[in-house]
Amino acid sequence: VQLAYFGGLSHSEIAEVLGMPLGTVKGRMRLAMEKMRAQLAEGV
Amino acid sequence: VNDDDHLRFEDDLAAYMLDALPGDEARRFELHLGQCPRCQERARWLQPSLEMLPAAVAQVEPPPALRDRLMTTVRAEAAQEGRAAARAPRRRSWRDLFAIPRPALAFTAVLLVAVAVAGYAIGAAGEEGSDTVTAQGQAPPGATAVVEKTGDQGILRVTGLPQRTDGIYEVWIARGDQVEPSTLFQVQRDGSGAAAIPEGLADADQVMVTLEPRGGSPQPTRAPLIVTKL
């Protein structure tokens, strides 16, 4: 999320930087955004 | 949209919202998003996460010169967008789903800058305390204008001005026969509004307000609506 939002990198660039498969990068972005959303809902 | 189709795109939404999908992939996802209520609902649900991100990093106080650079850019882009919009229809994006027309977003951006600067100015004025001077301005019938000046900065408060969507109110600072642009502002539905004047008031003679085309102008293009002698 940090590399995409603040770094302006695309998912394939992030996959290269982190040495992860593309699917993993997208999946983790999704999990991170969902986790943030859930925490916001809890008022954390 | 069947389930298989939806599942194929399920992981793309967050990447898309973070602007991490390359052009062709983003366009494919947009096509899916346009006809997938589940993804649209998900996008709305995730939106606060996206909005929270800017606040997740250390906040810094902007240097005063940033405001001038920002407003120069805003004016240039507004002029450019006006020309471009007249020429070609723009590409539809997922933001259209939330039905906020682009000009409104531009206004919101300008307002947010104004509010941020106002907040900063109010905070700063609060710290400095007592030496605030209030000057009543000449305004159209039914309207009022007051400038609260604290050192070099201040706040212009207005009431009774018509809410205009075809233009924006621009604040000008006059010194002798020189006139410099200051802040842009809009008024609320009830006709009230406030504009932070972050600098230039210390040796100013007058604060004026004109109605200008969207994006503001580098020089006044119309007669002033409000004139406040300091």
Side-chain angles (χ1 to χ4, degrees), chain A, chain B residues 1 3-33 36-60 62 66 73 77 91 93-95 97-98 105 109 112:
Chain A
V1 169
Q2 197 174 347
L3 288 171
Y5 188 82
F6 296 105
L9 268 57
S10 72
H11 59 31
S12 49
E13 288 168 329
I14 295 168
E16 202 172 309
V17 170
L18 300 182
M20 279 176 192
L22 209 61
T24 312
V25 171
K26 284 202 262 189
R28 291 214 182 156
M29 277 180 184
R30 177 186 162 191
L31 285 176
M33 295 288 280
E34 288 176 357
K35 201 168 171 181
M36 278 193 281
R37 186 62 184 85
Q39 285 188 352
L40 281 174
E42 282 168 26
V44 174
Chain B
V1 180
D3 277 359
D4 284 352
D5 199 23
H6 173 76
L7 286 175
R8 207 152 53 83
F9 285 104
E10 206 172 24
D11 267 353
D12 280 8
L13 176 61
Y16 176 74
M17 292 179 80
L18 291 165
D19 204 16
L21 291 185
D24 51 339
E25 230 177 292
R27 272 187 293 278
R28 271 203 301 279
F29 180 74
E30 271 168 16
L31 284 176
H32 167 74
L33 183 60
C36 180
R38 282 163 71 186
C39 282
Q40 289 166 21
E41 170 58 33
R42 201 73 180 158
R44 271 187 286 269
W45 184 74
L46 277 180
Q47 186 66 17
S49 298
L50 197 67
E51 284 161 6
M52 198 189 77
L53 286 173
V57 292
Q59 307 292 304
V60 292
L66 178 66
T73 309
E77 284 184 357
R91 190 170 71 95
S93 83
W94 65 281
R95 286 176 214 282
L97 294 169
F98 301 95
L105 282 176
L112 284 177

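Labels below follow one simple rule: chain letters A, B, ... track the order of the sequence lines, proteins then strands, and each chain is numbered from 1.
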* Could you tell me whether a side-chain N or O of B/S49 sits under 3.5 Å from a main-chain N or O of A/R37, the two making a donor and an acceptor? => yes

* What distance separates B/L18 CG from A/L9 CG, expressed to the nearest 0.5 Å? -> 12.0 Å

* To do: Could you check which of A/M33, A/Q2, A/E13 has the highest count of heavy-atom pairs closer than 4.5 Å to chain B?
  => A/M33

* Per-residue contact mode, A/V1 against chain B (heavy atom under 4.5 angstrom) -> both

* To do: For each of B/L53, B/L21, B/D19, tally heavy-atom pairs with chain A at distances under 4.5 Å, and name the one with the top tally.
  => B/L53

* Note, A/H11 side chain near B/P22 side chain (heavy atom, < 4.5 Å) -> yes

* To do: Report the C-alpha separation of B/E10 and A/R30 in whole Å, then their side-chain angles, then the decisive distance to 0.1 Å, and conclude whether the side-chain contact (heavy atoms from CB on, under 4.5 Å) test is met.
  => CA-CA 9 Å; B/E10 206 172 24; A/R30 177 186 162 191; 3.7 Å; yes

* Between B/R42 and A/E34, is the closest basic N to carboxylate O distance under 4.0 Å? -> yes

* Identify which part of B/L13 has an atom lying under 4.5 Å from any heavy atom of chain A, answering side chain, backbone, both or neither. => neither

* State whether B/E25 and A/K26 are salt-bridged, where the test is any N-O pair (Lys NZ or Arg NE/NH1/NH2 against Asp/Glu carboxylate O) under 4.0 Å. => yes

